[in-house]
Amino acid sequence: MTNALDITFAALADGTRRAILTMLLEDDMAVTDVAEPFDMSLAAISKHLTILTRAGLISQEKRGRVKWCKLEPQAMREAIVWIESFGQLEALNFDAFERFLDRELGS
């Protein structure tokens, strides 16, 4: 796997980060609004946002005094192509796929 693909899958491996991406499907959000539904500090959310930004999955922009987050869905293109190379997901053995990912990602 390429380094970019490793970074994408590592970012997607965390449930909090996946939840943030799901929230950003609706619209851009201020960092404080992203943090609101989570039971963790703003600093912890900022760390998650930094990982998502480094993976290219989101972008952050300062508008006035507020930092906004925006989903960058095209960043998942390489991961989608890689997953689709396995054929139809309905026919995919998810137990075998999980074992494969564990070997590839060293988990």
Side-chain angles (χ1 to χ4, degrees):
M1 289 195 308
T2 67
N3 189 40
L5 193 55
D6 291 344
I7 293 168
T8 299
F9 278 118
L12 293 172
D14 183 84
T16 299
R17 292 191 288 270
R18 290 191 307 273
I20 291 169
L21 292 174
T22 301
M23 291 167 54
L24 292 173
L25 278 170
E26 296 294 320
D27 201 0
D28 300 357
M29 296 179 74
V31 170
T32 53
D33 293 334
V34 170
E36 188 176 314
F38 298 100
D39 187 26
M40 61 181 72
S41 69
L42 189 56
I45 288 295
S46 291
K47 287 181 182 181
H48 285 293
L49 294 174
T50 297
I51 291 168
L52 291 169
T53 301
R54 286 184 183 153
L57 298 171
I58 67 167
S59 58
Q60 295 186 58
E61 172 187 17
K62 196 150 189 180
R63 299 179 196 163
R65 295 181 358 180
V66 178
K67 189 180 265 190
W68 288 79
C69 300
K70 177 183 178 184
L71 184 66
E72 300 293 347
Q74 72 280 2
M76 287 190 226
R77 183 172 308 277
E78 185 179 359
I80 291 167
V81 168
W82 184 81
I83 290 170
E84 286 178 344
S85 71
F86 287 91
Q88 297 294 326
L89 284 179
E90 293 80 19
L92 187 62
N93 179 331
F94 284 102
D95 290 332
F97 185 61
E98 184 176 357
R99 288 190 299 273
F100 172 77
L101 288 177
D102 285 343
R103 284 192 310 271
E104 287 293 313
L105 298 175
S107 298

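In terms of the side-chain contact (heavy atoms from CB on, under 4.5 Å) criterion, residue partners of T50 (sequence neighbours excluded) are, by chain and number, R54.
Both I20 and M76 are part of a single hydrophobic cluster, where members link through side-chain heavy atoms under 4.5 Å apart. Grouping the Ile, Leu, Val, Met, Phe, Trp and Tyr side chains by contacts below 4.5 angstrom, directly or via other members, places I58 apart from V66. In the hydrophobic clustering of this structure, L57 groups with V34; members are Ile, Leu, Val, Met, Phe, Trp, Tyr whose side-chain heavy atoms approach within less than 4.5 Å, directly or through other members. Taking hydrophobic clusters as Ile, Leu, Val, Met, Phe, Trp and Tyr residues chained together by side-chain heavy-atom distances below 4.5 Å, M29 shares a cluster with L25.
Shown are I7, D6, L5; of these, the side-chain contact (heavy atoms from CB on, under 4.5 Å) with F9 is made only by L5.
With a 4.5 Å cut-off on side-chain heavy atoms, H48 and D14 count as touching. At least one side-chain heavy atom of V31 sits under 4.5 Å from a side-chain heavy atom of Q60. In this structure, the side chains of M23 and C69 stay at 4.5 Å or more apart for every pair of heavy atoms.
Contact detail for G56 and A75: the closest heavy-atom pair is O-CB, 3.0 Å. Pairing each heavy atom of W68 with each of A30, the nearest pair is CE3-N, 3.4 Å. Heavy atoms only, all atoms of each residue included: A55 and T8 are closest at O-OG1, 4.3 Å.
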Next on the checklist: Show, in sequence, the C-alpha distance, side-chain angles and deciding distance for M40 and T16, and conclude whether the side-chain contact (heavy atoms from CB on, under 4.5 Å) test is met.
Outcome noted: CA-CA 10 Å; M40 61 181 72; T16 299; 3.8 Å; yes

Next on the checklist: Set out, in order, the CA-CA distance, both residues' side-chain angles and the distance that settles side-chain contact (heavy atoms from CB on, under 4.5 Å) for L12 and L21, then state yes or no.
Outcome noted: CA-CA 9 Å; L12 293 172; L21 292 174; 3.4 Å; yes

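Within the structure, every pair that satisfies the salt bridge (Lys or Arg N to Asp or Glu O under 4.0 Å) test and touches residues 22-35, not counting sequence neighbours, is listed here: D28-R63.
The backbone N or O of L49 sits nowhere less than 3.5 Å from a side-chain atom of R17 that would complete a donor-acceptor pair.
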